[in-house]
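Have a look at the structure below before the remarks.
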Amino acid sequence: MRRDPVSVLGRILPLAAAVGRGVRTLGLVGVAGMVAIALVVLVRWTPGDGEDWAGFVVLCVVLAVPAAVLLAFSVVLREVVELPDKLRSYPGTTREHVAEFRAIAEDAHRRERPAWRRLPGSTWRLATLVRSARDLLAPHAPLLPLFSVPFLLATLFSALLVPIVVVAALVVLLVAAAA
């Protein structure tokens, strides 16, 4: 039983957009929990010496990693949702790049200015064009994390850790308010 790829994609994209919004929200809640814990630790139990500050920095990094992974996953899902629009715009973008390459080549062959004066501008235009051509040359690159088992496991683990960080932030806030 073969399915039409367009119909499958039509069902996947709204799901990817919804999951992406949910994951982004969970990631932002995780960042808020991390910031709350860091502020309470900083205000109530201000680190004194260098070792205490190093411990504080390690605590902040450990608390920020799950939220960062979730935010990275939401970016990947946003790339999935934007992929059809990128694919539709390929012919126009390709024509623009060809026209720009042609203009750079014509500028290089003109003798109006000396070569040493043309080189910086042509190099800059070519570098800009190469950076913008990255999406044309590797349209699937932003989607590769979806096929990485370690990244998907880290995302799942982070989705389980963020609620724990939020509960810990609430406990720390309650303890700090009671003290």
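Sequential numbering from 1 along the given sequence is applied to the chain's residues. Computed over heavy atoms, backbone and side chain alike; hydrogens, waters and symmetry mates excluded. All values reported here derive from a predicted model rather than from experimental measurement.
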For Gly30 against Val162, the heavy-atom pair lying closest together: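 So the two residues come closest at CA-CG1, 3.6 Å.
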
task: Quick one: closest heavy-atom pair of Leu173 and Ala36, and the distance?
output: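 Looks like CD1-CB, 4.3 Å.
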
task: Tell me, with the steps shown, if Thr155 and Phe151 meet side-chain contact (heavy atoms from CB on, under 4.5 Å).
output: CA-CA 6 Å; Thr155 302; Phe151 180 71; 3.9 Å; yes

task: Evaluate the criterion side-chain contact (heavy atoms from CB on, under 4.5 Å) for residue pair Leu146 and Leu77; output intermediate values, then yes/no.
output: CA-CA 9 Å; Leu146 290 177; Leu77 290 177; 4.3 Å; yes

Would you compute the distance between atom [atom1] of [X] and atom [atom2] of [Y] and round it to the nearest 0.5 angstrom?
X      : Y     : atom1 : atom2 : value
Trp53  : Leu42 : CH2   : CG    : 5.0 Å
Leu152 : Phe73 : CG    : CZ    : 6.0 Å
Leu26  : Arg21 : CG    : CZ    : 15.0 Å

Are [X] and [Y] grouped together when hydrophobic residues (ILVMFWY) are joined by side-chain heavy atoms under 4.5 angstrom apart?
X     : Y      : answer
Met34 : Leu28  : yes
Leu13 : Val23  : yes
Val69 : Val165 : no
Val31 : Phe56  : yes
Leu39 : Ile37  : yes

- prompt: When you measure from the side chain of Ser74 to the backbone N and O of Leu71, does any donor-acceptor pair fall under 3.5 Å?
  reply: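 Indeed, once roles are kept as given, a pair shorter than 3.5 Å links the two residues.
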
task: Kindly indicate whether the side chain of Arg78, heavy atoms from C-beta on, has any atom under 4.5 Å from the side chain of Val81.
output: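 When only atoms from C-beta onward are counted, Val81 and Arg78 do not touch, as no gap falls below 4.5 Å.
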
task: Evaluate the side-chain proximity of Leu70 to Arg24: yes if any heavy-atom separation is below 4.5 Å, no if none is.
output: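 Answer no - side chains too far apart.
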
